[in-house]
Amino acid sequence: MKSRALLRAATLWLIVGFVGAVGFSGIAAAGNLVTSPEASRKNLDSTATSACMAPPPSGPTYEAWHKSAMIYNSGVESHKQKDNDRAAAQFDTAIKLYPNNALAHVGRGEIYRAERKYDRAIDEFSRAIKVAPSCFVAFNSRCYSRAIRDDLQTALTDCNEALRLNPGNAGMLDSRGFVYLKMGDLDKAIADYDAALQIDPNLAYALFGRGKARLLKGDEPRGSFDITVAKRIKPEIADEMSRYGVK
């Protein structure tokens, strides 16, 4: 019993590694999802794990869950090494072993988004939500992908649900700010970006988005400063955001 408990604890600790990577989208996106101070990170990670892939009771289902979780973690590591083909295959295997592995569905969706296969990404996030209706990670990722596709009203609904399930998350505030920016609701965009940056002052996406919103409102000095700082943190951010329709 003791060894089983230790194994479960070790697996949970590995799973939460995804929450730091869920931003692979450019966040959730991963860097985006978990952007809270280190003091609260463990609590947020455990919240994501329980919401998206709570372990089942002991037995054959638990064994499948455990194997799926371990392979999922390997997929996260492959993604960190920029081996997306291997990561995608590992997420697929994790899903086959345990179809209710919502995190693996989200991981697979983020790979599709990186490949600009937005419809397939959205389908994968929707599958994650179907098997884990409280998985705020999936709602956030679907919000961001829908916003990229300019499906803005449904994107806003997803972001609002993500924030309802996990209030005060910097990455999710950034995602909703992105939606408001594309809607042209600049004051709400700036408010969400401000809130995100209070939690994580170095969140490049929020800095860039706020800078664009400020420029559109005629605040050239502060807008240009935000964008300059964002580019220092993430040099490729202007090209990435341009692909997402923010030029």
Side-chain angles (χ1 to χ4, degrees), residues 1-25 27-31 33-34 36 40-115 117 120-142 145 161-162 165-166 169 171:
M1 291 294 293
K2 184 176 181 180
S3 61
R4 172 61 66 86
L6 288 173
L7 180 61
R8 180 176 296 218
T11 304
L12 285 170
W13 178 252
L14 287 171
I15 289 174
V16 300
F18 168 76
V19 183
V22 73
F24 15 105
S25 54
I27 48 276
L33 180 60
V34 176
S36 57
S40 63
R41 176 165 179 163
K42 289 183 182 178
N43 180 61
L44 178 58
D45 288 351
S46 64
T47 300
T49 301
S50 62
C52 301
M53 196 187 168
S58 298
T61 303
Y62 173 80
E63 298 301 330
W65 173 89
H66 176 259
K67 290 178 182 178
S68 177
M70 298 300 287
I71 293 172
Y72 160 79
N73 288 320
S74 297
V76 172
E77 290 304 313
S78 295
H79 172 76
K80 289 179 181 177
Q81 299 301 318
K82 303 186 184 302
D83 190 347
N84 281 354
D85 289 340
R86 182 176 176 81
Q90 288 166 324
F91 292 141
D92 287 343
T93 300
I95 291 166
K96 288 177 183 177
L97 283 167
Y98 188 71
N100 288 348
N101 186 338
L103 291 179
H105 283 292
V106 174
R108 192 65 180 91
E110 292 295 349
I111 298 295
Y112 284 136
R113 182 161 61 167
E115 295 172 345
K117 298 174 182 177
R120 296 184 73 178
I122 290 167
D123 286 346
E124 208 65 53
F125 301 140
S126 296
R127 291 188 182 98
I129 291 166
K130 183 176 181 179
V131 301
S134 296
C135 186
F136 55 87
V137 174
F139 278 106
N140 185 57
S141 289
R142 193 170 69 175
S145 293
E161 181 64 8
L165 292 166
N166 192 254
N169 181 283

Would Leu103 and Phe91 satisfy side-chain contact (heavy atoms from CB on, under 4.5 Å), going step by step from the backbone distance to the final call?
-> CA-CA 9 Å; Leu103 291 179; Phe91 292 141; over 6 Å; no
Walk me through it: do His79 and Asn84 pass the test side-chain contact (heavy atoms from CB on, under 4.5 Å)?
-> CA-CA 5 Å; His79 172 76; Asn84 281 354; 3.1 Å; yes
Would Trp65 and Met53 satisfy side-chain contact (heavy atoms from CB on, under 4.5 Å), going step by step from the backbone distance to the final call?
-> CA-CA 9 Å; Trp65 173 89; Met53 196 187 168; 3.2 Å; yes
Could you walk me through whether Ile111 and Glu115 pass the side-chain contact (heavy atoms from CB on, under 4.5 Å) test, one step at a time?
-> CA-CA 6 Å; Ile111 298 295; Glu115 295 172 345; 3.8 Å; yes
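Looking at Ile129 and Glu161, their side chains never come closer than 4.5 Å, going by heavy atoms from C-beta outward. Residues Ser145 and Tyr112 form no side-chain contact, since every pair of their non-hydrogen atoms from C-beta on lies 4.5 Å or further apart.
Put simply, CG on Asn100 and NZ on Lys130 are 10.5 Å apart, with the number rounded to the nearest 0.5 Å. Expressed to the nearest 0.5 Å, how far CE of Met70 lies from CG of Asn73 amounts to 6.5 Å. Between the CD atom of Glu110 and the CD atom of Glu124 there is a distance of 11.0 Å, given to the nearest 0.5 Å.
Summarising the geometry of Pro133 relative to Leu165, their closest heavy-atom pair is O-CD1, 4.2 Å, with the distance given to 0.1 Å. Taking all atoms of both residues into account, the shortest heavy-atom contact from Ala102 to Cys135 is CB-SG, 4.3 Å. Minimum interatomic distance between Ala69 and Asn101 (heavy atoms only, all atoms of both residues): N-ND2, 4.3 Å. Among all heavy-atom pairs drawn from Ala132 and Cys52, the shortest one is CB-O, 3.9 Å. Of all non-hydrogen atoms in Asn140 and Gly171, the two that sit nearest each other are OD1-O, 4.1 Å. Here the closest heavy-atom approach between residue Ser68 and residue Ala94 is recorded as OG-O, 2.7 Å.
Partners of Lys96 by side chain to side chain contact (heavy atoms under 4.5 Å, CB included), not counting sequence neighbours: none found.
Between the side chains of Ser74 and Gln90, no donor-acceptor pair of N or O atoms lies under 3.5 Å.
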